[in-house]
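Accompanying notes for the structure given below.
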Amino acid sequence: MRPILRRPGRSLALPELPEVETVRRDLAATLAGVLVSAVSVTGLRSTRRHPTAASFSAALAGRRLVGFERRGKYLLVILEPAAVLVVHLRMSGQLRLAAGPDVPLAKHSHVVIDLDDGRQLRFVDPRTFGELFVTTPDVPELAQLGVDALAVTQPELTRLLAGRRARIKVALSDQRIIAGIGNIYSDEILWTAGVRGTRPAGALRPVEIGRLHGAIGAVLGAAVESRGSSLRDQQYVDLGGLTGSYQERHAVYGREGLPCPRCGRPIRRIVVAQRSHFWCRCCR
DNA sequence: ACAAATACCTGTAAGC
DNA sequence: TGCTTACAGGTATTTG
């Protein structure tokens with residue numbers, strides 16, 4: 001019996017660790033040392049952690065952008081005088097650099113940050129899940145965030161997964177355990193490691209955790225080199241509006257019914273924790 | 001303590 | 001052709 005070929009599930013390209021890291025590097029290369037001269041907020045949901053748009057603007061204006069860090073999917077812009085601008089792109093957020101105020105505003109531009117050299121840093125976000133907020137240097141809002149996926153060691157991973165009954169697909173995407181992996185890269189990592197996503201995390205054998213640890217570094221590292229993944233409606237673009245290219249190397253994500261690169265059998269899609277999970281029956 | 005379900009939101013495309 | 005509707009998912013919150 002031939003497998004039923006269905007259209008691949010509609011997929012977006014959501015900002016996960018590689019996409020946020022690409023934006024971080026671009027920011028560091030283009031904005032180090034600039035002064036924020038003014039801030040305009042038109043989308044109140046984007047600054048919802050602040051009581052008013054004015055309180056967000058006042059916290060950011062007059063400060064200099066002196067450092068650019070990343071924790072998981074959170075972007076941290078280090079400010080002087082001492083403070084931190086935290087940015088999370090969530091589903092559809094983009095940071096875009098404009099040469100000046102005359103460049104037409106993209107639809108769904110919610111925050112415009114004027115820089116003292118005339119350029120503008122703009123936050124664009126159709127689905128309005130993303131957010132920006134200014135906080136203290138210790139960033140207490142991120143206290144629950146787990147170890148960054150690019151920094152986790154194999155012994156740490158072993159300890160973090162021990163005893164957990166959650167499926168490994170879910171545990172990998174849990175930001176309190178490991179920070180930076182979302183729905184796209186968790187599937188690519190599991191396929192690369194040859195680990196079934198529905199296995200309980202705590203049941204993985206040491207050799208499987210070893211393969212998983214290797215796959216986390218290999219997949220995320222290669223995706224960073226490719227400047228992230230952009231798919232379909234191209235939700236993810238970098239600071240200059242350009243797409244990444246790692247989608248060309250996706251083995252399973254968004255490829256339901258297409259041949260597995262390893263064995264040629266059709267990629268399957270199931271729903272795990274209300275999310276699409278793409279996998280190969282024989283290769284995981 | 002941990003796990004699972006739900007709300008939030010809009011562009012896209014499938015289906016009629 | 002045009003309308004309706006289902007779907008995509010990260011995180012905070014709620015419920016179990």
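Below, all heavy atoms of this structure are taken into account, side chains as well, without hydrogens, waters or symmetry copies. Below, chain A is the first sequence line, B the second, and so on; all start at residue 1.
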Closest to side chain of A:Tyr74, choosing from C:dA8, C:dT11, B:dA3: C:dT11
Counting only side-chain N and O atoms of A:Tyr253, is one of them less than 4.0 Å from OP1 or OP2 of C:dG9? yes
Rounded to whole Å, the CZ-C1' distance (A:Arg90 to B:dC9) equals 12 Å
Looking only at the side chain of A:Ala166 (C-beta and beyond, no hydrogens), which of the listed nucleotides B:dA4, B:dG11, C:dG10 gets closest? B:dA4
Looking at B:dG11, I'd like to know if its phosphate oxygens (OP1 or OP2) sit under 4.0 Å from a side-chain N or O belonging to A:His108. yes
Expressed as a whole number of angstroms, how long is the span from A:Glu141:CD to C:dT11:C1'? 14 Å
Figure out the CD/P separation between A:Gln94 and B:dT10, and round it to whole Å. 16 Å
Pick base, sugar-phosphate or nothing for A:Gln175, based on heavy-atom distances below 4.0 Å to the nucleic acid. sugar-phosphate
From CG of A:Leu172 across to C1' of C:dG10 the rounded distance in Å is 15 Å
Taking 4.0 Å as the cut-off, does a side-chain nitrogen or oxygen of A:Ser173 come that near to OP1 or OP2 on C:dG10? no
Student check: side-chain heavy atoms of A:Val36 and A:Leu115 closer than 4.5 Å: yes
If only side-chain N and O atoms of A:Lys107 are considered, is one of them under 4.0 Å from the OP1 or OP2 phosphate oxygen of B:dT10? no
Among pairs that include at least one residue of residues 44-65 of chain A, which meet ring-ring contact (aromatic ring centres under 6.0 Å, His included), considering only residues two or more places apart or in two chains? A:His50-A:Phe56
Within the supplied structure, the quantity of interest is the number of heavy atoms (other residues, nucleotides, ligands) at a distance under 6.0 Å from A:Arg45 CZ; does it exceed 12? yes
Below 4.0 angstrom, N of the basic side chain to O of the carboxylate: do A:Asp148 and A:Arg70 qualify? yes
Let me know the distance between CG of A:Asp174 and P of B:dA4, rounded to the nearest Å. 11 Å
Atom pair distance, as rounded to whole Å: CD in A:Gln274 and P in C:dA8: 12 Å
Ionic contact status for A:Arg49 with A:Glu141, cut-off 4.0 Å: no
Please evaluate the base of C:dG10 for a donor-acceptor partner in the side chain of A:Arg127 within a cut-off of under 3.5 Å? no
Phosphate OP1/OP2 of C:dA8 contacted by A:Arg275 side-chain N/O (<4.0 Å): no
In whole Å, I'd like the distance from the OH atom of A:Tyr185 to the P atom of C:dG9. 14 Å
Rounded to the nearest Å, what distance is computed from the CG atom of residue A:Leu44 to the C1' atom of nucleotide B:dC8? 16 Å
For B:dC9, does either OP1 or OP2 sit under 4.0 Å from a side-chain N or O belonging to A:Arg45? yes
Counting heavy atoms from C-beta on, name the nucleotide in C:dA12, C:dG9, B:dA4 closest to the side chain of A:Arg49. C:dA12
So what does A:Arg176 touch, heavy atoms closer than 4.0 Å: a base, only the sugar-phosphate, or nothing? nothing
Atom CZ of residue position A:Arg165 - does it have more than 12 heavy atoms of other residues, nucleotides or ligands inside 6.0 Å? no
OP1 or OP2 of C:dG10 under 4.0 Å from side-chain N/O of A:His88: no
